[in-house]
Amino acid sequence: MELRHLRHFLAVADELHMGRAAERLGMAQPPLSQSIARLEKELGVRLFDRANRRMALTRAGTAFIDEARSSVLHADAAFALARSAENGAAGEIRIGFVSAALYEYLPRRLAQLRRSLPGIKPKLLELSTNDQLVALSDGTIDIGIAHPPLGTGERLDVMELPLEASIAVLPEDGKDTGVSLAELAEHGLILFPEAQGPVLHARLLDCFTSAGVEVKIVQEATRALTMLSLVSAGLGAAVLPQSIRRLTFEGVRYAEITDAKLPSLSLALIARRRARPPIVGRVWGIFTKSATEIVQ
C-alpha cells in the first residue's frame with residue numbers, strides 16, 4: 001500500500017465524486033479510478049458503492065477512513081520533521097554547563113530557544129570546564145557553557161559572557177549585614193578543587209593573601225548545590241556568583257563582602273570551530289545573540 005493511494009482514497013471520500021476528487025488532486029480521472037481499484041484489491045474489500053452514478057462509502061470505507069487520515073497526517077508530520085532537522089530547526093542539541101550557569105544564563109537561553117525553535121530539544125549535561133573540553137573534543141556535547149580561561153589548544157569558538165560579581169555564602173546567623181574577608185575566613189572556605197578552575201582558584205586565594213588574611217580550605221566541592229548544603233550544615237563558607245541569590249536555601253544567608261573586591265566570575269559559550277550541523281549553528285546563533293543583555 002502506497003501513501004499516494006491513501007491520499008487518493010481520502011480525496012474521493014471527502015468529495016464522493018471521482019471528477020471533483022481528480023480535480024482537487026490535480027490528476028486525470030482514469031488514473032484516480034485505477035488507484036482506488038488497486039487499493040480495494042489490496043485490501044480485499046470495496047470502499048465505495050457506485051450505484052446509480054452516485055458514490056457512497058461502504059461500511060469498510062467508513063471504518064477505513066479515520067486510520068487512513070491518521071496515517072497520512074503522521075506521514076506528513078514525519079516529512080516536516082525530517083525537513084526541519086535537515087535545516088537545523090528540529091532535533092536534539094547537547095549542551096554542557098557548569099553549575100554557575102544554572103541561575104541566570106542557561107534558563108534565559110533555554111527560554112529563548114524554546115520561543116524561537118520549539119522543535120529543538122536540549123539535552124543538558126552538568127560538567128566541569130575541563131570535562132566540557134573533553135566532551136566537545138569527542139563529540140559528546142555540541143555547545144558548552146564553561147569558565148574561562150580555557151587553557152586548551154583546541155580550536156574553539158569562544159564568546160565570553162558579562163562578568164558576574166561574587167558574594168559570600170554563610171551559615172544562617174540571623175544577620176543581614178555584609179561581611180569582611182576576615183569574618184569570611186573565620187568560617188573556613190568551601191571551594192571548588194584547583195583542577196576544576198586553576199586560574200580562578202588562585203585569584204580567589206590571592207585576595208585573602210593580599211589583604212593579610214589567613215584562610216583555610218575546609219572542604220572541596222565541585223557543584224554549587226553541594227557547597228550550599230555544606231554551608232547549611234555549618235561546615236564553612238563559600239564564594240559564589242551573585243545570581244545564586246535566586247535560590248532560597250534553608251540554613252544559609254548571602255552577604256556582600258565589604259572590604260575587598262573578589263574576582264568577578266566569568267562564563268563563556270564554547271563550541272568546536274569546525275563545520276557544524278545546521279542545528280548547532282542555529283542554537284549557537286540564538287545563544288550568542290544579544291549576549292550583553294543577559295545581565296541587566
Query raised in the report: Closest approach of I286 and L113, non-hydrogen atoms and distance?
Result: CD1-CD1, 4.0 Å
**Report entry** Heavy-atom side-chain proximity of Q132 to I141 below 4.5 angstrom
**Finding:** yes
Query - Heavy-atom pair of closest approach, residues I143 and W284 - result: CD1-N, 3.8 Å
Requested in this report: Measure the spacing between CG of L125 and CZ of R94 and express it to the nearest 0.5 Å.
Outcome: 9.0 Å
Query raised in the report: How close do H147 and A100 get, heavy atom to heavy atom, and via which atoms?
Result: CE1-CB, 3.8 Å
Requested in this report: Flag the pair F97 / Y105 as yes when their ring centroid distance falls below 6.0 Å, and as no otherwise.
Outcome: no
Report task. Given side chain to side chain contact (heavy atoms under 4.5 Å, CB included), test F9 with L57 step by step and report yes or no. Result -> CA-CA 10 Å; F9 163 73; L57 284 166; 4.0 Å; yes
Report summary line: Paired with L228, the side chain to side chain contact (heavy atoms under 4.5 Å, CB included) test is passed by just one of T226, V231, L225, namely L225
Query raised in the report: Quick one: do E40 and R50 make a salt bridge, cutoff under 4.0 Å?
Result: yes
Report summary line: Taking every heavy atom of M227 against every heavy atom of A221, the minimum-distance pair comes out as CE-O, 3.3 Å
Requested in this report: Answer with yes or no whether the side chains of S128 and D131 bring together a donor and an acceptor at under 3.5 Å.
Outcome: yes
Query raised in the report: What distance do M159 atom CE and F287 atom CZ have between them, rounded to the nearest 0.5 Å?
Result: 12.5 Å
Query raised in the report: For the atom pair OG1 (T248) and OH (Y254), what is the distance rounded to the nearest 0.5 Å?
Result: 7.0 Å
Requested in this report: Go through the steps to decide whether D173 and R253 satisfy the test side chain to side chain contact (heavy atoms under 4.5 Å, CB included), and finish with yes or no.
Outcome: CA-CA 8 Å; D173 55 9; R253 78 175 180 98; 2.7 Å; yes
**Report entry** Straight-line distance of Q34 CD to K41 NZ, nearest 0.5 Å
**Finding:** 12.5 Å
Query - Ionic contact status for R108 with E104, cut-off 4.0 Å - result: yes
Requested in this report: Specify the closest pair of heavy atoms between V98 and L127, including all atoms of both residues, with the distance to one decimal.
Outcome: CG1-O, 3.5 Å
**Report entry** Minimum-distance pair of heavy atoms, taken over all atoms of S243 and Y103
**Finding:** O-CB, 3.3 Å
Query - Electrostatic pair R69:D14 at N-O distance under 4.0 angstrom - result: yes
Query raised in the report: Is any NZ, NE, NH1 or NH2 atom of the basic residue among R272 and D157 found under 4.0 Å from an Asp or Glu carboxylate oxygen of the other?
Result: no
Query raised in the report: How many angstroms lie between atom CD of E92 and atom CD1 of I120, to the nearest 0.5 angstrom?
Result: 11.0 Å
Query raised in the report: Does any donor atom in the side chain of Q112 or R109 lie under 3.5 Å from an acceptor atom in the other side chain?
Result: no
**Report entry** NZ/NE/NH1/NH2 to OD/OE distance under 4.0 Å, R245 and E164
**Finding:** no
Query - Gap separating the CD atom of E194 from the CD1 atom of I217, nearest 0.5 angstrom - result: 8.0 Å
Query raised in the report: Hey, does L39 have a side-chain heavy atom less than 4.5 Å from the side chain of H8?
Result: no
